[in-house]
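Labels below follow one simple rule: chain letters A, B, ... track the order of the sequence lines, proteins then strands, and each chain is numbered from 1. Everything numeric here is computed off the predicted structure, so don't read it as measured data.
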Amino acid sequence: MALTPKERMKIQRQDMPEREPGVRNQDFKEVNVGFDLKLAQLEAERCIQCKEAKCIDDCPVEIDIPLFLEHIANGDLKSAAEVLLKDNALPGITGRVCPQEEQCEKVCVRGKGKGCPVAIGHLERFIADWARENLDEKFTPPEPTGYKVAIVGSGPAGLTTAGELTKKGHDVTVFEALHTPGGVLTYGIPEFRLPNEIIDAEVDRLRRMGVKIICNVVIGRTFTIDELMNEEGFHAVFVANGAGLPVFMNIPGENLKGVYSANEYLTRSNLMRAYRFPDYDTPIIHGEKAVVIGGGNTAMDSVRTAKRLGAKQATLVYRRSRAEMPARNEEIHHAEEEGIIFKLLCSPVRFLSSEDGWVCGCECIEMELGEPDASGRRRPVPIKGSEFIIECDLVVEAIGTGANPLLTSTTPDIELNRWGNIIVDEKGMTSKAGVFAGGDITRGGATVILAMGDGKKAAAAIDRYLCEKAAK
Amino acid sequence: MFRILDAKQLASDVKWFRIEAPLVAKHRKPGQFVIICLDETGERIPLTVADSDPEKGTIELIVKAIGKTTMVLCRKEKGDSIAHVMGPLGRPTDIEKVGHAVVVGGGVGTAVIYPLAQALREAGNYVSAITGGRTKDLVVLEEELEKVSDVVYATTDDGSYGFKGTVADKLVELLEDKERPIGAIYCAGPVPMMRAIAELTKPRGIKTIVSLNPIMVDGTGMCGGCRVTIGEETKFACVDGPEFDGHEVNFDELWDRLSAYHKQERVSLERMEHECELDAQ
Ligand SMILES: Cc1cc2nc3c(=O)[nH]c(=O)nc-3n(C[C@H](O)[C@H](O)[C@H](O)COP(=O)(O)OP(=O)(O)OC[C@H]3O[C@@H](n4cnc5c(N)ncnc54)[C@H](O)[C@@H]3O)c2cc1C
Ligand SMILES: Cc1cc2nc3c(=O)[nH]c(=O)nc-3n(C[C@H](O)[C@H](O)[C@H](O)COP(=O)(O)OP(=O)(O)OC[C@H]3O[C@@H](n4cnc5c(N)ncnc54)[C@H](O)[C@@H]3O)c2cc1C
Ligand code: SF4
Ligand code: SF4
Ligand code: FES
């Protein structure tokens, strides 16, 4: 018996079961435990099944949220999974890392006023995990179109596009520079938030659909885009190489031993599994006193990794206040619970060196918030004479990433903006015919779901482009 | 999987490999390298492509066993394989006509200069090659260099073979030879050797290109681990290099950064040796 809206309104939001902070900050196993069927059904029943569901508009891949929630409420997990997978090729991933509070859950009517939105992300995770274990998907290959599409990069944008175009019958090959697919999902986001087996399973599902993934190929070095199109027979290319260029602060002492970019620190730990050294060969520096600079997801992931690698004191240094931190709320909250020290409103000015060239301190200056800047956030202004030193033996800089010029410098006819990001029109097409782009390379560092939304949009545009080509 | 088609011991701890890697072979130019990873628990390490055959789809690597990964690799034989070979990476060398080009290799740095000698000679240069080691066993590739250079000098620190002295000592002699002025010097090897050579040539104003060997991870400019200071600027050796103007390099910083993992490298090595002992029992 379906519940009445009134009955539904009475149900409170269900909390995600989590592992104890003092236990989980010692290992790399997932923090969130996940809903069981009972919790999931209860939470799904909170959805009042809006006629004009705003939540769908704010999901960049346009999942039919009320429908998949209704199936969960009815205990029909198979149908829920089918609805979810139709529009989202990577639900186990988005269900874990999507900034839902900025997307679908932000506009959910249950969140109006003092209310709490339906936990759409948690339910997505629940269904994705159920589907991975239980859903026996049969892929019937569509009629081949005879068109070949190359995709550069196997992050969320590249994988989404690959899946969508394969469904349409195009012959899709993803070229990935690293030895494992997944992009930031694999090399950046730690296993305590997104276990590698989830990524492997979702990538594997795409392979079963017919997507080819070739690793160890660097476009711009192994092939240029022109070679892909003129010599290798690809009719269109989608560039999704991400924003993988570390930004350094450019302050004295940055090249001391023990100072990392977040990209290097996280790549060592996640992609190369340095946290399991010496079972895995890649080493990583373990700090007793770690300082991580920044306030985004990357900074949060780095400082929580440092804690798990044994730091007695793991400090996050951020130049604005907590309210301005760009990281997901859940991650900030988890970091606090895990004993991370937050040094807000201050910024490093230089790193100090021990006699043998290791970092031994981080000199910071305090900040106050001035007038709002271009981003609308209040600009931090240094307070004269307020310098102080944090002792440390490990520093990770997580202040952002830029566009990596490796690929674009070999394809001069793709137009870039002044930050080196690829310029695309509303369909995702670049200034070069047949070449499309999306994800972080067009937006600068953004989010998984925005990258996936770009991928989906570009896939539709590429399909149209190829059909028009066929008509000619 | 990348198959090893052929392998040959060149010196007690230096081994040559021919590997099936068609995509790398097709595009690789002198001065470029690959990053390899032996298996799923392995580390990613950079190795120069000594030679390649685009038709056959093969590349050649010359590896000196100095730590865990290179030692495990050097135990591999024809028929074995390597899980990952990525590349080609780095900027190709600018091969110019300079008249007299001198290539200098210390230890396994010789593997890096071998393809340069070949390309420089093909570009019409007179190529002198200096290859040095501490002692006779450590001089590598002399025979191979003979084929691609006009003249080869082998040096040993202890005088057990060839010229007694360092490669820099030999270079001083060539610098003094007024008959054949040097147009440019290309060198690769241990940091102190490259520094010594750059210091020799700087006052004389002779162009000196050095191939730097910082610790790398991805090789695509994504991690910044390979950063080196060139003049006032920070550069990423994997994408901006690995070759730089030797007169601008901050060698002290490079040398220091190379020691960052000494402790862990010893742990890896001891563990491997222990495992080998167990295997032998
Ligand atoms: C540590 C960290 C934590 C994050 N946490 C979150 C989070 O919780 N939620 C969220 O929504 N977002 C998060 N983000 C942001 C999110 O991960 C990115 O916005 C997203 O991954 C971008 O996707 P993409 O497909 O555009 O690129 P990427 O994921 O960067 O993938 C690009 C891929 O292209 C490959 N590549 C690059 N150049 C080449 C080339 N020349 N040839 C071949 N391949 C190439 C790269 O190796 C990489 O695999 C986080 C980012 C980081 C760094
Ligand atoms: C561009 C480039 C080209 C190279 N070409 C060759 C070559 O043709 N033949 C050859 O024998 N060697 C070459 N090297 C050096 C080779 O990469 C190192 O010897 C190897 O990484 C050592 O690994 P290991 O595990 O055996 O030793 P370890 O015990 O791990 O390290 C020994 C020393 O090698 C250096 N090193 C360690 N890890 C790395 C890494 N990931 N990247 C770079 N250096 C590291 C450090 O100085 C370290 O102290 C090259 C290096 C670079 C950067
Ligand atoms: S993918 Fe993200 S935005 Fe879309 S429904 Fe899931 S959590 Fe919400
Ligand atoms: S807005 Fe909220 S309540 Fe309405 S359909 Fe979407 S999830 Fe359900
Ligand atoms: S090796 Fe990572 S940037 Fe060069």
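- Heavy atoms closer than 4.5 Å to chain A are found in both the backbone and the side chain of B:Leu89.
- Heavy atoms closer than 4.5 Å to chain A are found nowhere in B:Lys263, neither backbone nor side chain.
- Side-chain N/O atoms of A:Tyr275 and A:Glu191 include a donor and acceptor closer than 3.5 Å.
- For A:Thr222, the parts sitting under 4.5 Å from any heavy atom of chain B are the backbone and the side chain alike.
- Heavy atoms of A:Ile285 lying under 4.5 Å from chain B belong to its backbone as well as its side chain.
- Proximity to chain B is limited to the side chain of A:Glu232, based on heavy atoms less than 4.5 angstrom apart.
- Counting heavy-atom pairs under 4.5 Å between each of B:Gly90, B:Ala83, B:Gly87, B:Cys37 and chain A puts B:Gly90 at the top.
- Only the side chain of B:Ile215 comes within contact range of chain A, judged by heavy atoms closer than 4.5 Å.
- In summary, the side chains of A:Asp356 and A:Ser354 do present a donor paired with an acceptor at a separation below 3.5 Å, with no hydrogens or angles considered.
- For chain B, the option among A:Glu227, A:Arg273, A:Arg268 with the highest count of heavy-atom pairs below 4.5 Å is A:Arg268.
- The closest side-chain heavy-atom distance from A:Ile213 to A:Arg207 is below 4.5 Å.
- Annotation: B:Arg271, atom CZ; neighbour count of heavy atoms from other residues, nucleotides and ligands within 6.0 Å is above 12.
- Neither side chain, A:Thr401 nor A:Asn263, offers a donor N or O lying under 3.5 Å from an acceptor on the other.
- Residue contact with chain A, scored on non-hydrogen atoms closer than 4.5 Å, involves the backbone and the side chain of B:Val239 alike.
- The contact between A:Leu406 and chain B is made entirely by side chain atoms (from C-beta outward), counting heavy-atom distances below 4.5 Å.
- The closest side-chain heavy-atom distance from A:Ile422 to A:Leu416 is below 4.5 Å.
- Each of A:Asn255, A:Val218, A:Asn404 has some count of heavy-atom pairs under 4.5 Å with chain B, and the biggest count is that of A:Asn255.
- Only the side chain of A:Phe248 comes within less than 4.5 Å of a heavy atom in chain B; its backbone stays farther off.
- The contact between A:Leu256 and chain B is made entirely by backbone atoms, counting heavy-atom distances below 4.5 Å.
- The candidate with the highest count of non-hydrogen atom pairs below 4.5 Å against chain A, out of B:Val24, B:Val85, B:Thr69, B:Ile45, is B:Val85.
- Neither the backbone nor the side chain of B:Arg28 comes within contact range of chain A; no heavy atom of the residue lies under 4.5 Å from a heavy atom of that chain.
- For the residue pair B:Glu40/B:His84, the side-chain donor-acceptor check at 3.5 Å is satisfied.
- Aromatic ring centroids of A:Phe223 and B:His27 lie under 6.0 Å apart.
- When B:Glu253, B:Lys68, B:Arg227, B:Arg257 are compared by the number of non-hydrogen pairs under 4.5 Å with chain A, B:Arg227 comes out ahead.
- Using bins of under 30°, 30° to 60° and over 60° for the plane-to-plane angle, the ring pair A:Phe175/A:Phe234 lands in the perpendicular bin.
- Between the side chains of B:Glu43 and A:Thr282, no donor-acceptor pair of N or O atoms lies under 3.5 Å.
- Looking only at side-chain heavy atoms (C-beta outward), A:Val152 and A:Val237 come within less than 4.5 Å of each other.
- A donor-acceptor contact closer than 3.5 angstrom is absent between the side chains of A:His179 and A:Asn216.
- Comparing B:Gly221, B:Ser259, B:Gly219 by heavy-atom pairs within less than 4.5 Å of chain A, the highest count is held by B:Gly221.
- Between chain A and the options B:Pro88, B:Gly224, B:Gly225, B:Ser268, heavy-atom pairs under 4.5 Å are most frequent for B:Pro88.
- For A:Val217, the part lying under 4.5 angstrom from a heavy atom of chain B is the side chain only.
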